Structure formats: C-alpha cells, structure tokens
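Here is the naming used below: chain letters follow the sequence lines, and residue numbers restart at 1 for every chain. Predicted, not measured: the structure shown is a model, and the values here were computed from it.
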Protein chains: 2
Amino acid sequence: MTLSMTMTTTERLRSLVDTLEASELPELSEELVCSLNLPAGLVEELPIAEVAALTGVSAHTLRYYERIGLVDVARDAAGRRVYDSQALARVVFVTRLRMSDMSIRDISHYIGLVRQGSSTVPERLAFLQAHREAIRQRLRDLNGALAVIDYKITTYGGYCEP
Amino acid sequence: MTLSMTMTTTERLRSLVDTLEASELPELSEELVCSLNLPAGLVEELPIAEVAALTGVSAHTLRYYERIGLVDVARDAAGRRVYDSQALARVVFVTRLRMSDMSIRDISHYIGLVRQGSSTVPERLAFLQAHREAIRQRLRDLNGALAVIDYKITTYGGYCEP
DNA sequence: CCTTGACTTCGAGTGCACTCTAAGCCGTAG
DNA sequence: CTACGGCTTAGAGTGCACTCGAAGTCAAGG
C-alpha cells in the first residue's frame, strides 16, 4: 500500500481501509495509524493552506475550528497561523471524529477533557467507548438501509411503488 | 425473530439486522422486507398519531414531509389526515432513505421520478444504485473511523494527546 | 351545553456546521 | 514603487431538516 503525499488524510484513510478485510474491527498496526496521523516528512510547521490541502478541511473551516476552541494554533511574526505537528494531529483527529458523526458539541467536550489534563483520562476513555457504540449502531442501521435498498434494486428494479 | 407491533419500523429494522450476519449484504427474504414495510394487520387507514407511533417520525415531521411533497395523504370528512397503506409504505421508505443519509432534495427528486410513472424506471434504478455506492463508501469511512477510535482506546487508553 | 384534546393551517423559529464577506495587512515579483 | 496573492479579523449569511407557535375546527364525553 502506498500512501501518497498528495492525498488528504481522508483519502489516505480510505485507501487504507480499502486494503483491509470488511470485518467491523480491522486491525491497524501502530505504524499505519501513525503514518495516517502524521505523514512522514511533514513534522514541521505548516501554513493554513498546506494544512487545508493535507487534511481536506477548508481554510475557512480550520479557522472556525480554532475559533470554537478545538485546536490551538500559534502565529508567526506577521500574525499568520503556524500549525505544528501537534496542531495538525489535532485537526486530523477532529476530522476523524466528525467523520464518525460526532457533533461539534461533543468534540468540544472531549477536547475540554484533554485540556484538563490526565485526571480526565477515565472519563475520556468512557466517552470514546460510548461513541464507539454509537458508531457500531450507526453501522448496523446503515447496513439495514443498504439491505433494503439492495432488495428494492434487485427485486423491484426500482419499478414497484413507492 | 419476533417483530412486535409496538416497535417503530426503525426498531424493527434494527432487530432484523441484529439477527443477520455482519456481512455487507445480508439477505432479506421478501417476507421479511414486506413485514418490515407493512406490519401485518395494519393495512387500513390510520390517523397521523398512529403513523407517528408506528414509524417513529413525529407528527410535525409527517406534516412537513407531506408539505414538501414526499407523501400524498388523503383527508377524512373533517379534514384530518388519513394514511392508507400506500402512504404508510411511502413514509417508511422515505425514513429508510433518510436513515441512509440521502438528502431531502434527493429524496424529492426520486419521488418526482416515481410520480412521473414507469418511464422513469431506468433512471430510478440508476439513482438507487448510485446511492447504494454512496452508502457503501460511507460504511467504509465509518469502519475506518471506528478502527482509529478503537486503536486509540486500546493503545492509548484515551491518554495520549490529542 | 361545555370542555377537552387531537387535529388543522400557515408561517416563523431553531440548531447545526459551516461558509462567506469586507476591510485591511504583509512579503515578494516585476 | 507597486501590484498581487495570500493571509488576518469580526461578524454576517447559508442551507438543511426539522420543530414549534398561534389561532382555529371538530367530535366525543361529562
């Protein structure tokens, strides 16, 4: 598997997942997940445009995420945003949570726990586990909808009303 | 598997899917899908409150769906809505499409095709097939997000920032 | 007869997650 | 020097999918 430098992290995740079994719990090596989070060779400071290109999140949305407190971003001498590897990792993690339908409100809550330090680790863990269950329920629902649509396609050919 | 009369169709679908293999294409018998669409014994006319209870869609939302043209509903002598089995089936189908993240705009388009009659069958079929692909992509993305979150849970225990 | 409660309509309001605008600053290429 | 493109800010605007409110109608129960 090659994870090109020109892909967004979402595309990288897709190409990664495409190579895995369709089981609900694909195994990811630490190496793979790390390469997903922080593409090798891009560990230094990045301007907003590069973060946007890398993550597939628009510059507008990146500023929005910072404004509502999801990411802390430093500035250069001219006042422009400079994303270090930690900020980039945060953006990627937030997009991963968004992709799994976690609301901005819940992500803010989680980030708030992170800010409070390691005393909140148990709560964070419980939070992620609860979200994991929500994802699994969503997967079941989606599979059900897919089955019904597949059934409609194969049996009715789109003909039978409704 | 028992599909109780007191469950919403979404709950019915879930209990149905829970009994199936976790493969992406569970097989559904015609009998099962039909029982899902139209619970036996409820083939006659229903007031809005019963449709709401049966489908899990609020009366407000049912009126909204009618207003934007997703469902046609007859009235009784007093002007109250009367859902026949066809209207109920339409509501259920719409909720199924909504559950699979199809936008209201796209559902309206599909219903528009249905209204135009059988000449649009090929287009409807293509539409459903395209949507099927969107669902499958969504399933892959969701699985990827699940994998990353699982990885975070098991490896970092919620501790490692971010 | 009168009240109750479920229904009706129309239009306005809500919450979410962006998404864009406008006005202005800064560093480099020509 | 100047024009340009990309960045900055605060705040307003957008689109979606509901969701609710207000005012009124109607049938059944006490």
Side-chain angles (χ1 to χ4, degrees), chain A residues 8 10 45-84 87-88 90-91 93-111 131 134 138 141 145, chain B residues 8 10 45-84 87-88 90-91 93-111 131 134 138 141 145:
Chain A
T8 69
T10 294
E45 309 191 318
L46 296 172
I48 194 168
E50 298 214 22
V51 175
L54 205 57
T55 62
V57 179
S58 77
H60 278 310
T61 301
L62 287 172
R63 291 189 202 101
Y64 166 71
Y65 282 170
E66 184 187 358
R67 199 161 63 207
I68 65 176
L70 297 189
V71 201
D72 299 318
V73 188
R75 302 297 145 107
D76 67 9
R80 278 166 299 198
R81 284 170 180 80
V82 173
Y83 288 76
D84 62 11
L88 179 59
R90 175 68 65 79
V91 170
F93 186 59
V94 166
T95 58
R96 205 60 67 234
L97 293 178
R98 286 293 302 132
M99 178 183 296
S100 61
D101 287 334
M102 186 182 285
S103 69
I104 291 282
R105 170 181 301 264
D106 284 353
I107 296 174
S108 294
H109 175 68
Y110 183 84
I111 298 297
H131 185 58
R138 181 86 188 103
D141 284 351
Chain B
T8 68
T10 294
E45 308 192 318
L46 297 172
I48 193 168
E50 299 215 23
V51 176
L54 205 58
T55 62
V57 179
S58 77
H60 279 309
T61 302
L62 288 171
R63 291 189 201 101
Y64 165 71
Y65 283 171
E66 183 187 357
R67 200 161 61 208
I68 64 176
L70 297 189
V71 201
D72 298 317
V73 188
R75 301 298 145 106
D76 68 7
R80 277 164 301 195
R81 285 170 179 80
V82 173
Y83 287 77
D84 61 10
L88 180 59
R90 175 68 67 80
V91 169
F93 186 58
V94 166
T95 59
R96 206 62 66 237
L97 293 179
R98 285 294 302 133
M99 178 184 297
S100 62
D101 286 335
M102 186 182 284
S103 69
I104 291 281
R105 170 181 300 267
D106 283 354
I107 296 174
S108 295
H109 174 67
Y110 184 84
I111 299 297
H131 185 59
R138 180 87 189 103
D141 284 353

A.B. asks: Can you check the B:L46 CG to C:dA6 P distance for me, whole Å?
C.D. replies: 17 Å
A.B. asks: Minimum heavy-atom separation for B:L70 and B:I104, please, with both atom names.
C.D. replies: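 Result for this residue pair: CD1-CD1, 4.2 Å.
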A.B. asks: Of all the choices, C:dC18, C:dC20, D:dA17, which nucleotide is nearest to the side chain of A:H60 once you look at every atom?
C.D. replies: C:dC20
A.B. asks: Around atom CZ of B:R105, are there more than 12 heavy atoms from other residues, nucleotides or ligands closer than 6.0 Å?
C.D. replies: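 12 or below, so no.
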A.B. asks: Can you tell me the distance, in whole Å, between the CE atom of A:M102 and the C1' atom of C:dC16?
C.D. replies: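 Computing the A:M102:CE to C:dC16:C1' distance gives 16 Å.
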A.B. asks: Of the nucleotides D:dA17, C:dT19, D:dT19, which has the atom closest to the B:I104 side chain?
C.D. replies: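 Closest nucleotide among those given: D:dA17.
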A.B. asks: How close or far is atom P of C:dA6 from atom CZ of B:R75, stated in whole angstroms?
C.D. replies: 19 Å
A.B. asks: Output yes when at least one side-chain N/O atom of A:R63 is less than 4.0 Å from OP1 or OP2 of D:dT8, else no.
C.D. replies: yes
A.B. asks: Just the rounded figure in Å: distance from C1' of D:dC7 to CD of A:E50.
C.D. replies: 14 Å
A.B. asks: Take atom OH of B:Y83 and atom C1' of C:dT8, then tell me their distance rounded to the nearest Å.
C.D. replies: 12 Å
A.B. asks: Would you mind telling me which of C:dA17, C:dC10, D:dT8 lies closest to the side-chain atoms of A:Y64?
C.D. replies: C:dA17
A.B. asks: Let me know the distance between CD1 of A:I68 and P of C:dC16, rounded to the nearest Å.
C.D. replies: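 Atom CD1 in A:I68 sits about 11 Å away from atom P in C:dC16.
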A.B. asks: Indicate the atoms forming the closest heavy-atom contact of B:I107 with B:R98, along with that distance.
C.D. replies: CD1-CD, 3.5 Å
A.B. asks: Is the closest basic N to carboxylate O distance between A:R80 and A:E50 below 4.0 Å?
C.D. replies: no
A.B. asks: What is the separation between atom CD on B:E66 and atom C1' on D:dA17, rounded to the nearest whole Å?
C.D. replies: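 My rounded result for the distance is 17 Å.
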A.B. asks: Please determine, for the side chain of B:R80, which listed nucleotide (D:dT19, C:dG27, C:dC7) has the closest atom?
C.D. replies: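 The answer is C:dC7, which lies nearest to the side chain.
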A.B. asks: Below the 4.0 Å mark, does C:dC16 have OP1 or OP2 next to a side-chain nitrogen or oxygen of A:R98?
C.D. replies: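 For C:dC16, OP1/OP2 do not have a side-chain N/O of A:R98 under 4.0 Å.
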A.B. asks: Testing the basics here: between B:I48 and B:R63, what is the closest heavy-atom pair and its distance to 0.1 Å?
C.D. replies: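 What the structure gives for the nearest pair is CD1-CG, 3.7 Å.
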A.B. asks: With sugar-phosphate meaning primed atoms plus P, OP1 and OP2, does B:S103 contact a base, only sugar-phosphate, or nothing at under 4.0 Å between heavy atoms?
C.D. replies: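 Contact class for B:S103: sugar-phosphate only.
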A.B. asks: Check this for me: does the side-chain of B:R81 come within 3.5 Å of the base of C:dT9 through a donor and an acceptor?
C.D. replies: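 A donor-acceptor contact between them is absent.
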A.B. asks: Respond yes when some side-chain nitrogen or oxygen of A:R67 is under 4.0 Å from OP1 or OP2 of C:dA17, and no when none is.
C.D. replies: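 For C:dA17, OP1/OP2 do not have a side-chain N/O of A:R67 under 4.0 Å.
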A.B. asks: At under 4.0 Å, does any side-chain N or O of B:Y65 touch on OP1 or OP2 of D:dA17?
C.D. replies: no
A.B. asks: Working to the nearest 0.5 Å, report the span between CD of A:E66 and CZ of A:R90.
C.D. replies: 11.5 Å
A.B. asks: Return the nearest nucleotide to the side chain of B:I48; candidates are D:dA17, D:dC26, C:dT8.
C.D. replies: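 Given the options D:dA17, D:dC26, C:dT8, the side chain of B:I48 is closest to C:dT8.
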A.B. asks: Does B:R105 make a side-chain N or O approach to OP1 or OP2 of D:dC16 shorter than 4.0 Å?
C.D. replies: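 For D:dC16, OP1 or OP2 has a side-chain N or O of B:R105 closer than 4.0 Å.
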A.B. asks: To the nearest angstrom, how far is B:L62 atom CG from D:dT19 atom C1'?
C.D. replies: 13 Å
A.B. asks: Assign B:A49 to base, sugar-phosphate, or nothing according to its heavy-atom contacts below 4.0 angstrom with the strands shown.
C.D. replies: sugar-phosphate
